[in-house]
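We're numbering straight along the sequence, starting at 1. Ligands are counted one by one from 1 in listed order, and the atoms in each one are counted from 1 as well.
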Amino acid sequence: MQLVATPALARPTSALLDSYGRAGTDLRVSLTDRCNLRCSYCMPAEGLDWLPNADVLTDDEVVRLITIAVQRLGVLEVRFTGGEPLIRRGLTDIVARTARLEPRPHISVTTNGIGLERVAPALAAAGLDRVNVSLDTVRPDTFRAITRRDRFDDVVRGLAAAAAAGLSPVKVNAVLLRGSNDDQAAELLGWCLAHGYELRFIEQMPLDAQHGWSREAMITADEILTALRSTYDLTPHPAERGSAPAELFLVNGGPGTVGVIGSVTRPFCGDCDRVRLTADGQVRNCLFAREESDLRTALRSGADDAEIAARWRRAMWTKRAGHGIDDESFLQPTRPMSAIGG
Ligand code: SAM
Ligand code: SF4
């Protein structure tokens with residue numbers, strides 16, 4: 001989709017619009033930059049500085065910003081992420097308070113699934129609508145190699161508990177890594193289909209803390225589809241894609257599906273409806289943005305809701321047309337994915 005900037009005079013006063021006319025209706029809220037796994041495409045094996053506790057928004061501050069986003073800025077969906085959002089102690093309460101908002105947003109969590117077995121019923125009761133669980137392999141040894149932790153069984157039990165709690169459809173996010181799990185795409189799809197989980201493959205993006213991404217090592221959307229087609233018949237899903245990043249396919253004629261998110265080779269920036277809030281209260285208008293807008297300082301120095309909403313709108317207005325990974329001038333954001341919120 002070709003984007004054309006709107007003249008500044010046409011700048012709106014309510015929704016989270018950018019200068020290309022896109023509206024931020026899907027808010028990703030990072031609740032922590034910490035994690036109990038160490039996925040190689042996300043974090044180094046050791047040594048990553050965490051945000052100071054004092055900088056992390058309190059539960060009340062998080063809920064206040066979500067309330068402003070929903071009631072003043074037209075946000076329709078709230079997704080909690082991280083780092084690992086399940087290690088945030090106040091998660092269930094934050095979900096419950098978000099679910100009481102009018103209008104009520106759609107609420108989801110992206111998690112690695114560790115601990116989900118225990119909290120899935122409480123999250124569902126609090127008003128959580130759906131979960132995405134990240135799982136890159138169904139082989140425990142490959143899981144251990146990628147995540148550097150021996151927690152495969154916890155994730156499998158977490159997935160089952162999410163389905164049992166009615167957090168459906170349960171979605172699975174997977175990243176393929178060359179020489180590691182790139183020969184397991186069809187196997188993972190078979191497992192997800194057998195369990196009733198909706199699988200989505202995500203192209204690896206240059207967002208790891210150790211800056212180890214390379215285009216050559218990335219498994220592309222084309223490669224993922226070729227690998228899946230060696231076992232399955234894939235046909236484009238008839239449903240309208242809208243702003244969804246995943247290209248959806250029916251597997252063997254359906255009803256099972258698989259999605260491929262070609263963030264790098266098939267960018268969907270023209271239809272992007274996302275806006276991000278980091279755990280320390282910074283608005284990012286794009287995963288790949290190089291600038292952030294500080295709402296925490298405004299919040300803590302007594303700004304009222306109208307002023308915070310105005311700051312948030314200004315932050316969104318400057319969203320760039322695309323992530324520019326293919327531009328020669330592309331620079332990876334200073335913060336890694338785990339600190340931005342995936
Ligand atoms: N810890 C939670 C999890 O793993 O689901 C939530 C945060 S994680 C950063 C969110 C998603 O980003 C996960 O599905 C993960 O696989 C994905 N991810 C992390 N680093 C990535 C990268 N460099 N490229 C593509 N996806 C990545
Ligand atoms: Fe943790 Fe998620 Fe990053 Fe893996 S992808 S290290 S689970 S934040």
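- Under a 4.0 Å criterion applied to the non-hydrogen atoms of T81, ligand 1 contributes the atoms 6 (C), 7 (C).
- The nearest heavy-atom contact from the protein to atom 2 (Fe) of ligand 2 is C35 SG, 4.4 Å.
- Ranking the protein heavy atoms by distance from atom 27 (C) of ligand 1 puts M337 CE, 3.4 Å first.
- Residue C39: an N/O/S atom is found under 2.8 Å from atom 4 (Fe) of ligand 2.
- Ligand 2 has no atom lying under 4.0 Å from any heavy atom of G82.
- Atom 3 (Fe) of ligand 2 has C42 SG, 2.4 Å as its closest protein atom, hydrogens excluded (heavy atom only).
- Protein heavy atom in closest approach to atom 14 (O) of ligand 1: S134 OG, 2.7 Å.
- Close contacts of ligand 1 with N173, meaning ligand atoms under 4.0 Å from a residue heavy atom, involve 14 (O).
- Atoms of ligand 1 found under 4.0 Å from any heavy atom of G83, numbered from 1 in the order shown, are 1 (N), 2 (C), 6 (C), 7 (C).
- Ion pairing between R320 and D18 fails under the 4.0 Å rule for side-chain N and carboxylate O.
- Of all atoms in ligand 2, listed by their number and element, those nearer than 4.0 Å to a heavy atom of L37 are 6 (S), 7 (S).
- Of all atoms in ligand 1, listed by their number and element, those nearer than 4.0 Å to a heavy atom of V175 are 16 (O), 26 (N).
- Listed by atom number, the atoms of ligand 1 under 4.0 Å from N112 heavy atoms are 2 (C), 3 (C), 5 (O).
- Between R97 and D60, at least one side-chain nitrogen of the basic residue sits less than 4.0 Å from a carboxylate oxygen of the acidic one, meeting the salt-bridge criterion.
- Looking only at atom types and distance, the side chain of E203 has no donor-acceptor partner in the side chain of S263 under 3.5 Å away.
- The aromatic rings of Y197 and H195 lie parallel to each other, with less than 30° between the two planes, well short of the 60° mark.
- Residue Q204 approaches ligand 1 through these ligand atoms, each under 4.0 Å from one of its heavy atoms: 24 (N), 25 (C).
- Applying the 4.0 Å criterion to heavy atoms of G82 picks out, from ligand 1, the atoms 7 (C), 9 (C).
- Annotation for G270 and R22: closest pair O-CD, 3.6 Å, computed over non-hydrogen atoms.
- Remark: ligand 1 atoms within the under-4.0 Å shell around heavy atoms of E84 are 1 (N), 2 (C).
- The residue D136 has no part lying near ligand 1, judged by heavy-atom distances below 4.0 Å.
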